[in-house]
Amino acid sequence: MISRKRVSRVVVLISALLVVLSVSGMAFAGQRLDRIMETKVLRVGTPGDYRPFSMLDKASGKYEGHDVELAELLASELGVAVEFVPTAWPKLMDEYLAGSFDIAVGGITRSLARMLKGDFLQPYAPNGKVALIRKTDREKFSSLEAMDVPETTVIVNPGGTNEKFVNANFKKAKVVVHQNNAEIPAMIAEGKGDVMITEVYEAVVYSRKDERLYGAFTDKPLTKISFMGFFIQKDDPDFLRVMHYLWNDARLRGDLDRLFDKWLK
């Protein structure tokens with residue numbers, strides 16, 4: 001039979017342990033926001049190869065695009081500067097999980113797979129998978145089936161939802177993986193490939209920039225509508241709460257609409 005004294009001792013130990021866990025949990029909860037406010041730096045990871053969301057100018061080393069300006073706006077409201085952290089689509093998730101940046105941006109599709117490992121700010125830019133092709137092929141490539149033939153070469157960047165779509169839907173066409181997403185449209189235009197699977201906004205941007213290109217299925221995407229989002233670290237509830245607040249304020253002030261009109265319309 002367990003003595004009353006021994007039971008009391010166990011209760012005291014358990015209570016003390018719960019207090020310690022509670023205190024340490026509170027300290028852990030706020031550490032990301034604390035670091036950002038102390039260093040005055042918000043680390044933003046981006047591949048920098050996806051117009052019109054985020055593009056790196058290699059000559060100047062500067063980033064531009066919708067997501068770039070929006071990240072800088074949120075950081076400014078927080079009273080900190082942005083440090084852009086280069087990443088790539090194949091390693092974006094691993095670097096996110098390793099905590100290499102506080103937020104990832106640059107045309108990132110909100111998906112259940114990503115939500116299971118992280119979190120997103122509110123959705124923006126409704127989107128869907130389309131095909132960037134040469135304008136001379138617009139009649140020939142009138143459907144997914146018409147593109148998926150042995151004579152077609154599909155060029156895709158690795159590591160993202162575009163590659164997943166290509167692997168799932170192209171069984172007969174030749175698939176070529178190219179590391180630099182930003183180089184693929186020119187390759188299509190020059191005849192080094194026939195099809196690039198991308199999203200509505202990128203196809204529209206590149207077809208406007210190069211008259212040889214055409215965004216197929218932009219009026220009726222090949223997939224159900226999805227949304228872009230800022231992929232944000234979820235280890236600090238205070239950080240999440242503040243960033244959601246700043247995003248909502250930007251929406252109420254009309255800043256989100258202004259940037260949407262500038263980059264995505």
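Put simply, CD on Glu83 and NZ on Lys40 are 16.0 Å apart, with the number rounded to the nearest 0.5 Å. Once rounded to the nearest 0.5 Å, the distance linking CZ of Arg212 with CZ of Arg134 reads 10.0 Å. Remark: Tyr206 OH to Thr198 OG1 distance equals 8.5 Å, nearest 0.5 Å. Rounding to the nearest 0.5 angstrom, the gap separating the CG atom in Leu73 from the CG atom in Leu246 is 8.5 Å. Rounding to the nearest 0.5 Å gives a distance of 13.0 Å between CG of Asn162 and CD1 of Ile155. With rounding to the nearest 0.5 angstrom, the CZ atom of Arg253 is 4.5 Å from the CG atom of Asp255.
In this view, Asp261 and Lys265 satisfy the salt bridge (charged side-chain N to carboxylate O under 4.0 Å, His left out) rule, not counting sequence neighbours. A search for salt bridge (charged side-chain N to carboxylate O under 4.0 Å, His left out) contacts involving Lys192 returns Glu190, not counting sequence neighbours. Arg138 pairs by the salt bridge (charged side-chain N to carboxylate O under 4.0 Å, His left out) definition with nothing, not counting sequence neighbours.
Residues Leu33 and Val85 fall within the same hydrophobic cluster, defined by Ile, Leu, Val, Met, Phe, Trp and Tyr side chains chained together at heavy-atom separations under 4.5 Å. No single ILVMFWY cluster, assembled from side-chain heavy atoms under 4.5 Å apart, contains both Ile108 and Phe165. Linking Ile, Leu, Val, Met, Phe, Trp and Tyr whenever their side-chain heavy atoms come within less than 4.5 Å leaves Val200 and Met55 in two separate clusters. Residues Val130 and Met228 do not share a hydrophobic cluster, clusters being chains of Ile/Leu/Val/Met/Phe/Trp/Tyr side chains in contact below 4.5 Å. When hydrophobic clusters are built by joining Ile, Leu, Val, Met, Phe, Trp and Tyr residues whose side-chain heavy atoms come closer than 4.5 Å, directly or via intermediates, Ile197 is not grouped with Leu213.
Side-chain N or O atoms of Ser54 include none that pairs as donor or acceptor with a backbone N or O of Tyr50 at under 3.5 Å. In this structure a side-chain-to-backbone donor-acceptor pair under 3.5 Å is missing from Asp119 to Lys234. Within the 3.5 Å criterion, the main-chain N or O of Lys58 finds no donor-acceptor partner in the side chain of Lys62. Put simply, the side chain of Asn157 never gets that close to the backbone of Asn180: no donor and acceptor are under 3.5 Å apart. Side-chain atoms of Ser76 do not come within 3.5 Å of backbone N or O of Glu72 as any donor-acceptor pair. Although no hydrogens or angles enter the test, the distance criterion places no donor-acceptor pair under 3.5 Å between the side chain of Glu69 and the main chain of Gly65.
The aromatic ring centres of Trp263 and Phe53 sit 6.0 Å or more apart. Taking the six-membered ring for Trp and the full ring otherwise, Tyr124 and His66 have centroids separated by under 6.0 Å. Separation of the Phe231 and Tyr96 ring centroids falls under the 6.0 Å cut-off.
Salt bridge absent: Asp148 and Lys172 never bring a charged side-chain N and a carboxylate O closer than 4.0 Å. Using a 4.0 Å cut-off between charged nitrogen and carboxylate oxygen, Glu151 and Lys174 do not count as a salt-bridge pair. We find that Asp238 and Arg32 are not joined by a salt bridge, their nearest charged nitrogen and carboxylate oxygen being 4.0 Å or further apart.
Minimum interatomic distance between Arg110 and Leu121 (heavy atoms only, all atoms of both residues): NH1-O, 2.8 Å. Closest non-hydrogen pair, Ala71 versus Val82, comes out as O-CG2, 3.7 Å. Here the closest non-hydrogen pair linking Gln233 and Leu240 is O-CD2, 3.6 Å. The shortest heavy-atom contact between Thr218 and Val204 is CG2-CG2, 4.3 Å. The two residues Glu145 and Val149 have their closest heavy-atom pair at O-CG1, 4.0 Å. Scanning all heavy atoms of the two residues, the minimum distance from Met147 to Ala173 falls at O-CB, 4.0 Å.
Within the 4.5 Å cutoff, the side chain of Lys140 has heavy atoms near those of the Asp137 side chain. At a threshold of 4.5 Å between non-hydrogen side-chain atoms, the residues Asn181 and Pro47 do not count as touching. At a threshold of 4.5 Å between non-hydrogen side-chain atoms, the residues Thr109 and Glu199 count as touching.
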Could you go through Thr46 and Val68, starting from their C-alpha distance and side-chain angles, then the distance that decides it, and tell me whether this counts as side-chain contact (heavy atoms from CB on, under 4.5 Å)? CA-CA 9 Å; Thr46 182; Val68 171; 5.7 Å; no

side-chain contact (heavy atoms from CB on, under 4.5 Å), that's the test. Do Phe141 and Val195 meet it? Break it down for me. CA-CA 9 Å; Phe141 292 148; Val195 175; 4.0 Å; yes

Starting from the C-alpha separation in whole Å, work towards a yes-or-no answer on side-chain contact (heavy atoms from CB on, under 4.5 Å) for Leu42 and Phe101. CA-CA 8 Å; Leu42 178 71; Phe101 32 76; over 6 Å; no

Kindly indicate, with the supporting measurements, whether the criterion side-chain contact (heavy atoms from CB on, under 4.5 Å) is fulfilled by Arg35 and Arg43. CA-CA 11 Å; Arg35 178 193 53 76; Arg43 298 173 303 167; 3.2 Å; yes

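Heavy-atom contacts from other residues, nucleotides or ligands closer than 6.0 Å to NZ of Lys220 number 12 or fewer. In Tyr245, the OH atom is not crowded: 12 or fewer heavy atoms of neighbouring residues, nucleotides or ligands sit closer than 6.0 Å.
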